[in-house]
Student: 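Submitted below is the structure of interest, expressed as structure tokens.
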Amino acid sequence: MRNNNLVVSIVCFCFLVTATIQAKPKHPKRVVLMIGDGMGLTQISGALSNFNGQNAFARFPVIGFSQTASADNYVTDSGAGATAFAIGKKAKNGAIGVDEFDQAQIGLFELIKKAKGKTAVVATSSITHATPASFYAHVASRNSEYDIAKYLIHGNCDIAIGGGSKFIYNRPDGFALDSVLISKGFQLIADTFMHEVRSNQFIYTLAPDGLKTMKAGRGNFLTQAAALAMKQIGNSATSLIMIEGSQIDWGGHANDFDYMQAELLDFNAAINFVLDEAMKDKETLVIVTADHETGGLSLLKSSNHPQKFEVNYASKGHSGVMVPVFAYGPGAEHFSGIYENTNIFHKIKTCLRLK
Ligand code: MG
Ligand code: ZN
């Protein structure tokens, strides 16, 4: 009898342990969505080919592919590309946070604010550029950066760090956006980096438009800005931080491999930082992807150096190839497979239990 009781107890104990492990919810408290603008597989493989540091992309357990076509073109631009992530709908090229009929749609940032969560964008472009703008603004054209900046007033983006001071201060239309934002509770900072932050909501601009390139000495801005955004948001439930390596795309448009590589290595460093944080807190879902590939980059056989490749660009614009998606953390398993870029919206929505 005693032995039987022992067996029953052990079985019950094992069942309880198993049940406890299985019942642990796989929902992240916060999502960090990292977008390498114009970052296809060839950019990643080329840029990291002779890199001796830690390859951040190799640290992800889950990998998928995103199909990037926009509502009106097989080859997307960054507006429609980021809009797909932000609102879950295909938009026309050039559109920001609107559907294919240019109608404003409720996006992840609005859903998160409704759930009392926190939101942030970090970019090496202006904070009003197509990729970050798609998360908090709703306009038919990405070129309306002065109008895009006004959407910050709505308060759906708690933290914005990047360039773009000219769209906030001393605007040509005379609109005192800076005063209005301050009256709404935002702290505005526009100077060198790592100024003291006093408010939960702040707009931090470090250049009139895009930030300088890595080659021109941008330093570790992106990692520092990612750290600041993550620290300010903390692990308050239901938050989303979008971090963009904006200029990987600009190197692609210029068909300048060295430019692209320096920007991608900077992005790689920021990913390593975010992953280290996520591995510590275990409540952060990290997603790294791209809106599209830029330049039709291929790495061809080199006749002079058999161990190296020859860089070949097919275009000064974007291409329609699928882009990789890397995921780590609670909910990462949702991101394997091949799916439309709009599904990244739905997957984040599910992971954060947004309604
Ligand atoms: Mg961009
Ligand atoms: Zn581009």
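Atoms within each ligand, like the ligands themselves, are counted from 1 in listed order.
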Student: Does a donor on one side chain sit under 3.5 Å from an acceptor on the other, for H129 and D209?
Tutor: no

Student: Is the Zn ion (ligand 2) less than 2.8 Å from an N/O/S atom of D77, whether that atom is in the backbone or a side chain?
Tutor: no

Student: Out of the N/O/S atoms in D37, what is the name of the one closest to the Mg ion (ligand 1)?
Tutor: OD2

Student: If we ignore angles and hydrogens, is there a donor and acceptor under 3.5 Å between the side chains of N312 and S298?
Tutor: yes

Student: Mark yes or no for whether E244, through its side chain, and S125, through its backbone, hold a donor-acceptor pair below 3.5 Å.
Tutor: no

Student: Taking both backbone and side-chain atoms into account, decide whether S246 has an N/O/S atom under 2.8 Å from the Mg ion (ligand 1).
Tutor: no

Student: Looking at the Zn ion (ligand 2), is one of the N, O or S atoms of H253 less than 2.8 Å from it?
Tutor: yes

Student: Would you say the side chains of T284 and D281 form a donor-acceptor pair under 3.5 Å?
Tutor: yes

Student: Distance only, no hydrogens: is a donor on one side chain within 3.5 Å (strictly under) of an acceptor on the other, for S319 and H292?
Tutor: no

Student: Specify which N/O/S atom of E244 comes nearest to the Mg ion (ligand 1), by atom name.
Tutor: OE2

Student: To the nearest 10 degrees, calculate the angle at the Zn ion (ligand 2) involving OD2 of D249 and NE2 of H318.
Tutor: 150°

